[in-house]
Amino acid sequence: MKSDETKFLVKGAQRHDKDAFTELMQLYMRDMYRTAIAILRNEENAADALQDTILTCWEKISTLKKAEYFKTWMTRILINHCYDIIRDNPICESLELYEEPSEWDEYNLELKEAYASIDERYRLPMELYYSQGFKVREIAEILSLPQNTVKTWLSRGRDQLKEYYRDC
């Protein structure tokens with residue numbers, strides 16, 4: 001079971017076991033990558049955010065109080081690093097700048113285009129809910145939003161996707 005494995009690896013990483021930490025990061029790398037791409041829409045920036053997140057997680061893992069919240073904690077760190085990159089590089093990225101999918105990128109170009117058509121504020125909750133399986137309550141906690149706001153944003157994101165596919 002993934003949660004038991006995560007708890008075991010988190011406990012090991014908190015004892016500075018590099019192998020446990022590496023395995024923990026590999027376990028969530030695909031989810032982290034997809035979250036970073038949903039926010040940044042750029043391969044290089046996503047890789048920078050992942051690298052910064054991994055380093056921060058290693059340095060701060062001892063501050064995590066409950067191992068079962070590791071993914072939520074790590075995702076919040078990743079989102080903060082993504083927003084730091086956006087703040088430091090305010091250049092707007094266009095869809096033409098997308099590169100070929102990497103080994104972690106399960107999205108095809110059509111899905112990237114569809115996600116790019118969604119308002120930015122709705123894109124991340126959609127990614128967290130539909131691709132990574134977070135619950136509305138967890139997304140609200142990660143994004144520091146009320147649960148009803150998350151529900152509204154998911155609904156509006158779905159509506160924008162419907163509109164995108166209707167226009168295709």
Side-chain angles (χ1 to χ4, degrees), residues 1-11 13-14 20-43 45-58 60-61 63-86 101-108 110-162 164-165:
M1 182 182 225
K2 196 171 184 176
S3 67
D4 290 340
E5 182 181 2
T6 299
K7 287 179 188 178
F8 176 76
L9 293 173
V10 168
K11 296 296 182 189
Q14 288 178 323
F21 182 77
T22 301
E23 195 173 334
L24 190 60
M25 289 296 106
Q26 289 173 345
L27 189 63
Y28 291 109
M29 189 60 71
R30 180 168 289 163
D31 291 342
M32 289 193 314
Y33 172 79
R34 290 177 3 194
T35 300
I37 283 293
I39 297 171
L40 299 169
R41 296 182 286 160
N42 177 286
E43 187 82 27
N45 289 343
D48 288 344
L50 289 175
Q51 185 177 7
D52 293 343
T53 299
I54 291 168
L55 180 61
T56 301
C57 286
W58 174 251
K60 307 277 185 183
I61 196 153
T63 65
L64 180 62
K65 293 181 181 9
K66 293 186 178 184
E68 58 267 19
Y69 295 122
F70 173 77
K71 186 175 180 185
T72 304
W73 175 78
M74 176 198 63
T75 302
R76 181 72 250 171
I77 291 170
L78 174 63
I79 290 169
N80 287 339
H81 282 301
C82 289
Y83 288 148
D84 288 345
I85 289 171
I86 290 170
S102 76
E103 65 180 272
W104 291 325
D105 190 6
E106 291 181 347
Y107 296 136
N108 58 28
E110 181 183 337
L111 186 55
K112 280 186 176 184
E113 288 174 357
Y115 258 24
S117 73
I118 299 173
D119 187 302
E120 187 174 332
R121 85 177 91 168
Y122 309 141
R123 191 178 311 125
L124 182 57
M126 297 275 294
E127 166 65 27
L128 294 173
Y129 186 80
Y130 290 108
S131 297
Q132 296 187 33
F134 280 103
K135 295 178 175 108
V136 170
R137 177 186 51 77
E138 294 169 324
I139 296 169
E141 184 180 315
I142 290 169
L143 300 178
S144 302
L145 294 169
Q147 288 185 36
N148 285 336
T149 300
V150 173
K151 290 176 187 177
T152 300
W153 287 7
L154 288 170
S155 176
R156 290 179 183 168
R158 285 189 299 271
D159 290 345
Q160 287 185 5
L161 270 182
K162 285 178 197 173
Y164 170 81
Y165 281 111

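Computed from a predicted structure; not experimentally measured. Counting begins at 1 with the first residue of the sequence.
- A distance of 8.5 Å separates CD1 of Ile77 from CG of Leu64, quoted to the nearest 0.5 Å.
- Atom OG1 of Thr35 and atom CZ of Arg30 lie 13.0 Å apart (nearest 0.5 Å).
- Looking only at side-chain heavy atoms (C-beta outward), Thr56 and Asn80 stay at 4.5 Å or farther from each other.
- For Tyr129, there are no ring pair (Phe, Tyr, Trp, His ring centres under 6.0 Å) partners two or more places apart in sequence or in a different chain.
- A 4.5 Å side-chain heavy-atom check between Phe70 and Leu9 finds every atom pair outside the cut-off.
- Checking Thr149, Asp159, Val136 one by one against Leu154, the side chain to side chain contact (heavy atoms under 4.5 Å, CB included) holds for a single residue, Val136.
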Problem set entry | Test log, rule side chain to side chain donor-acceptor pair (under 3.5 Å), inputs Thr6 and Tyr28 | CA-CA 10 Å; Thr6 299; Tyr28 291 109; 2.7 Å; yes
Problem set entry | Derivation and outcome, side chain to side chain contact (heavy atoms under 4.5 Å, CB included), residues Tyr130 and Arg158 | CA-CA 11 Å; Tyr130 290 108; Arg158 285 189 299 271; 2.6 Å; yes
Exercise. After noting the C-alpha distance and the side-chain angles of His81 and Gln51, does the key distance pass the side chain to side chain contact (heavy atoms under 4.5 Å, CB included) rule?
Worked result: CA-CA 10 Å; His81 282 301; Gln51 185 177 7; over 6 Å; no
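- Between Asp31 and Lys71, at least one side-chain nitrogen of the basic residue sits less than 4.0 Å from a carboxylate oxygen of the acidic one, meeting the salt-bridge criterion.
- One finds the NZ atom of Lys151 at 11.5 Å from the CD1 atom of Ile139 (value rounded to the nearest 0.5 Å).
- Nearest heavy-atom pair, Arg123 versus Ala38, reported as atom, atom and distance to 0.1 Å: CD-O, 2.9 Å.
- A donor-acceptor distance shorter than 3.5 angstrom exists from the side chain of Thr53 to the backbone of Ala49, with no hydrogens or angles considered.
- Note that OH of Tyr83 and CG of Leu40 are 9.0 Å apart. Values are rounded to the nearest 0.5 Å.
- Taken to the nearest 0.5 Å, the CD atom of Gln14 stands 10.5 Å off from the NZ atom of Lys65.
- Within the 4.5 Å cutoff, the side chain of Thr75 has no heavy atoms near those of the Glu138 side chain.
- Taking CE of Met126 as the start and OH of Tyr122 as the end, the distance is 11.5 Å to the nearest 0.5 Å.
- Contact record, Ala36 with Ala46: CB-CB, 3.8 Å, taken as the closest heavy-atom pair.
- Of all heavy-atom pairs between Tyr33 and Glu43, the closest is OH-OE1, 2.8 Å.
- The two residues Met29 and Leu50 have their closest heavy-atom pair at SD-CD1, 4.1 Å.
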For this session: Step by step, work out the side chain to side chain contact (heavy atoms under 4.5 Å, CB included) result for Thr63 and Trp73.
Result: CA-CA 10 Å; Thr63 65; Trp73 175 78; 4.1 Å; yes
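- Scanning both residues, Gln160 and Ser117, for their nearest heavy atoms gives OE1-O, 3.9 Å.
- Contact between Arg34 and Gln132 at its shortest, heavy atoms only, is NH2-N, 4.0 Å.
- For the pair Glu120 (side chain) and Ile39 (backbone), a donor-acceptor distance under 3.5 Å is absent.
- No side-chain donor-acceptor contact under 3.5 Å links Glu141 and Thr72.
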Exercise. Passes side chain to side chain contact (heavy atoms under 4.5 Å, CB included), Asn42 versus Ile85? Steps please.
Worked result: CA-CA 11 Å; Asn42 177 286; Ile85 289 171; over 6 Å; no
